[in-house]
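Take a look at the structure set out below.
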2 protein chains.
Amino acid sequence: MASIKDVAAEAGVSAATVSRVLNSHPSVSEEARTRVLAAVEALGYRPNAVARSLRTAQTRTLGLVISDVLNPYFTELARFVEEEARALGYSVIIGNADERPDLQDHHIRTLIDRRIDGLLVSPADGGSPLMRDVALSGTPMVFVDRWIPGIDVPVVRADGTGAVKDLVAHLHGLGHRRLAIIAGPAATTTGNERVEAFRAAMRELGLALPDAYIGQGDFQAASGRRATERFLALAEPPEVVFAADNLMALGALDAIRAHGLRVPDDIALAAFDDIPWFVHTDPPITAIAQPTADLARAAVRALADLIEGRTPQSVTLPARLVVRRSSGGAATNQRSDR
Amino acid sequence: MASIKDVAAEAGVSAATVSRVLNSHPSVSEEARTRVLAAVEALGYRPNAVARSLRTAQTRTLGLVISDVLNPYFTELARFVEEEARALGYSVIIGNADERPDLQDHHIRTLIDRRIDGLLVSPADGGSPLMRDVALSGTPMVFVDRWIPGIDVPVVRADGTGAVKDLVAHLHGLGHRRLAIIAGPAATTTGNERVEAFRAAMRELGLALPDAYIGQGDFQAASGRRATERFLALAEPPEVVFAADNLMALGALDAIRAHGLRVPDDIALAAFDDIPWFVHTDPPITAIAQPTADLARAAVRALADLIEGRTPQSVTLPARLVVRRSSGGAATNQRSDR
DNA sequence: ATCATGCGTGTAATCGATTCCACGGCGTCG
DNA sequence: CGACGCCGTGGAATCGATTACACGCATGAT
């Protein structure tokens with residue numbers, strides 16, 4: 001593979017001049033420029049990004065560590081992150097933590113070793129010492145979706161409080177009083193916040209939320225199934241199950257179906273995170289939709305701001321309720337409004 | 001960030017010795033080794049992967065270029081690819097082409113510029129000149145799922161011929177005679193092969209496959225919707241629609257529902273690529289399942305073989321039919337067998 | 001005529017690692 | 001007792017770029 005020296009030799013100039021042409025430095029004669037460009041063309045030369053990074057101490061690469069690529073919400077987030085990063089001239093390396101703190105640490109370490117310019121993280125846990133160190137070490141870092149209290153970096157996320165309140169009101173309006181929730185891991189902010197928003201909304205309407213109606217999940221389908229089975233085994237099972245993410249909703253649907261019950265007639269269902277498939281499930285699932293594309297864009301911009309020395313902003317965008325058949329409200333098989 | 005020189009100074013040895021310790025070179029005294037390790041610990045030193053890559057001319061990184069991350073089949077593939085690569089000591093950088101040849105080229109170029117050790121590609125088109133050049137240039141490369149005829153690199157893929165034949169026989173057994181297919185782009189091998197397998201299976205049973213029953217899609221949901229609408233507008237619409245990937249099946253379901261028709265009573269549906277959501281759609285969708293994890297592992301191993309100087313093997317694994325309600329066969333709401 | 005200015009260019013240092021080569025010291029063998 | 005070999009180590013070259021600095025030459029001002 002041709003190096004800058006080969007190009008220099010071919011063009012009859014020094015490597016310095018080639019570099020200047022490639023970085024559009026002003027003081028290069030028109031003649032040298034054309035000769036260099038011709039040589040570049042002739043040799044099919046492409047600058048070695050590794051060497052360039054070593055010298056300039058920047059890689060024009062962002063790291064994105066997400067908790068679970070198989071979760072369509074995060075896949076979508078990753079897609080938009082890459083899109084915005086590309087527009088800003090960065091590449092993205094994705095690390096999938098599979099909700100495992102050890103894997104998360106592995107990826108963070110690898111990314112740092114590669115000297116990525118900045119890190120976008122949706123932490124899988126309450127905060128490994130490593131993450132704290134990285135943040136303190138001055139590596140530009142932004143949290144997206146989930147964050148870790150006590151680590152002082154910008155956070156870009158959706159606020160579901162309003163939408164959860166709308167959801168509870170909607171269900172209450174349909175006559176439901178016994179609402180249960182499948183929570184995410186307590187170590188994640190999204191796990192806690194969604195339960196708290198739910199609890200607050202219930203209290204506001206004078207509804208009780210007994211402990212038995214709070215299932216512990218881990219954002220994976222299997223845990224949604226288990227939690228739902230426990231609900232159904234209660235002497236007085238809930239009339240509604242609200243899953244704190246889309247995969248657990250899938251598990252809940254599984255469990256409900258396995259018990260021969262119908263949604264929404266026997267039990268209603270709703271989920272946090274809206275995904276395209278929810279329009280096509282049986283029945284279509286009522287969900288709280290996050291503005292994924294906007295979150296991704298805001299997160300990348302905040303990170304780029306941090307990297308390039310500007311002052312980044314934390315951003316919170318509202319989520320919104322999308323009512324479908326599974327909650328019992330929308331009787332008609334309406335088209336999705338996504 | 002501490003460099004090897006800082007460690008050397010701290011340990012009172014030369015950088016060469018530090019390097020030898022870190023790469024477990026045999027000829028280092030026990031005393032030097034412990035002093036170096038202590039210094040590494042004290043400084044929290046981590047080797048700079050960029051510098052190392054420049055010197056050793058290898059990055060221990062694989063590039064994976066897929067046609068569409070939002071397609072659950074590819075997301076799953078990517079996940080398993082990363083898993084196997086990690087086991088073999090490689091990192092993976094994913095490039096999402098969004099079924100766009102220009103984006104595909106962008107990612108390939110970026111990955112080559114970063115001097116990845118090898119490239120795993122599921123080409124979005126029939127073969128850009130760039131891909132041909134890269135293959136010829138000697139960059140280790142393996143095709144996965146889709147490939148490009150005429151480019152001589154190993155191919156790891158699933159063979160759906162048998163499963164498509166099973167599917168057609170299954171539908172024929174249910175009394176269906178008018179079967180339509182929504183094809184993928186003719187520029188992709190998977191696009192063509194699936195149509196050919198379908199055509200062959202039909203011929204074998206003495207069934208006609210008129211041109212009007214071959215819809216042109218692009219592996220995206222919208223194209224599945226359009227193709228299905230054209231089918232439904234025919235004087236004699238098909239009794240079955242077979243979509244060549246899961247997203248187009250989703251579009252087909254949309255279109256069928258918009259026409260107020262029921263699956264499978266009014267029209268049956270089947271898809272290539274099985275995904276977890278197909279169990280939960282209304283109705284559950286009959287699909288042809290690929291052994292995604294095995295494909296990913298085989299592809300990574302073939303690429304590692306190529307990189308490390310061993311002789312790689314092309315691999316073809318069989319896909320298999322999973323019958324669910326959408327084809328009209330499985331009357332019961334059976335549990336998924338995934 | 002002289003000197004400052006500036007432009008285009010090349011030389012060389014540098015980034016952080018790896019690795020070839022040489023050197024000093026010690027043990028072994030003839 | 002001298003020569004040889006081996007072991008542990010450090011010096012220095014190297015990978016492929018970027019960039020500070022210096023130099024030569026032309027131009028313009030004084």
Side-chain angles (χ1 to χ4, degrees), chain A residues 1-37 39-40 43-61 89 109-117 137 139, chain B residues 1-37 39-40 43-61 89 109-117 137 139:
Chain A
M1 203 160 275
S3 85
I4 197 170
K5 282 189 202 148
D6 302 321
V7 176
E10 172 86 10
V13 299
S14 73
T17 299
V18 176
S19 174
R20 279 189 274 255
V21 171
L22 265 37
N23 296 286
S24 39
H25 185 100
S27 72
V28 181
S29 69
E30 201 47 48
E31 210 236 315
R33 183 185 314 281
T34 52
R35 287 232 306 284
V36 167
L37 293 178
V40 165
L43 298 175
Y45 169 74
R46 301 241 78 212
N48 183 327
V50 175
R52 186 197 295 247
S53 293
L54 177 60
R55 178 60 230 239
T56 60
Q58 52 160 328
T59 51
R60 302 235 36 114
T61 302
R109 222 185 296 273
T110 308
L111 291 167
I112 299 288
D113 286 354
R114 279 164 197 269
R115 300 297 191 271
I116 44 125
D117 293 344
S137 79
T139 305
Chain B
M1 202 160 275
S3 85
I4 197 170
K5 282 189 203 150
D6 303 322
V7 177
E10 172 86 9
V13 297
S14 73
T17 299
V18 176
S19 173
R20 279 188 275 256
V21 171
L22 265 38
N23 295 285
S24 39
H25 184 100
S27 72
V28 182
S29 69
E30 201 47 50
E31 210 235 313
R33 181 184 316 281
T34 53
R35 287 233 306 283
V36 167
L37 292 178
V40 165
L43 298 176
Y45 169 73
R46 300 242 79 213
N48 183 328
V50 175
R52 187 198 295 250
S53 293
L54 177 60
R55 180 59 230 240
T56 61
Q58 52 161 327
T59 50
R60 300 233 41 110
T61 302
R109 224 185 294 272
T110 308
L111 292 166
I112 299 288
D113 286 354
R114 277 162 198 272
R115 300 299 191 268
I116 42 124
D117 292 343
S137 79
T139 305

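Naming convention: chains lettered A, B, ... in sequence-line order (proteins, then strands); numbering from 1 in each chain. This one's a predicted model, so the numbers in the text were calculated from it and none came from an experiment.
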Next item on the list: Note down the inter-axis angle between the two ends of the helix from C:dA1-D:dT30 to C:dG30-D:dC1, five pairs each, to the nearest 10°.
Entry: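 If I round to tens, the end axes sit 60° apart.
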
Next item on the list: Answer with base, sugar-phosphate or nothing: what part of the nucleic acid does A:T17 contact at a heavy-atom distance below 4.0 Å?
Entry: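 Answer is sugar-phosphate: A:T17 comes under 4.0 Å of backbone atoms only.
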
Next item on the list: Describe the nucleic acid contact of B:S29 in one word from base, sugar-phosphate, nothing, applying a heavy-atom distance below 4.0 Å.
Entry: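 Contact class for B:S29: sugar-phosphate only.
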
Notebook entry, point to check: Hey, which of these two, B:R20 or B:P47, hits DNA chain C nearer its 5' end, going by closest nucleotide?
Noted result: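 It is B:P47 whose nearest nucleotide is closer to the 5' end.
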
Next item on the list: Residues of residues 48-60 of chain A with any non-hydrogen atom less than 4.0 angstrom from an atom of DNA chain C: list those, numerically ordered, please.
Entry: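 Within this stretch, A:L54, A:R55 sit under 4.0 Å of the strand.
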
Check: Heavy-atom contacts under 4.0 Å between residues 3-13 of chain A and DNA chain C, which residues?
Finding: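 Close to the strand are A:V13.
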
Using whole Å, what does the distance between atom [atom2] of nucleotide [N] and atom [atom1] of [X] come to?
X	N	atom1	atom2	value
A:E31	C:dC7	CD	C1'	15 Å
B:L22	C:dT18	CG	P	7 Å
B:N23	C:dC20	CG	C1'	15 Å

For [X], salt bridge (Lys or Arg N to Asp or Glu O under 4.0 Å) partners two or more places apart:
X	value
A:R109	none
B:R52	none
B:D6	none

Output all residues satisfying side-chain hydrogen bond (donor to acceptor under 3.5 Å, both in side chains) with [X], sequence neighbours left out; order by chain, then residue number.
X	result
B:T59	B:D117
B:R60	none
B:T56	none
A:N48	none

Next item on the list: Scan residues 7-31 of chain A for pairs that pass salt bridge (charged side-chain N to carboxylate O under 4.0 Å, His left out), counting only residues two or more places apart or in two chains.
Entry: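 Output for this query lists A:E30-A:R33, A:E31-A:R35.
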
Checklist line | chain B footprint on DNA chain D, 5' to 3' - any atom under 4.0 Å from a heavy atom | finding: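 So the outermost contacting nucleotides come out as D:dG8 to D:dG16.
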
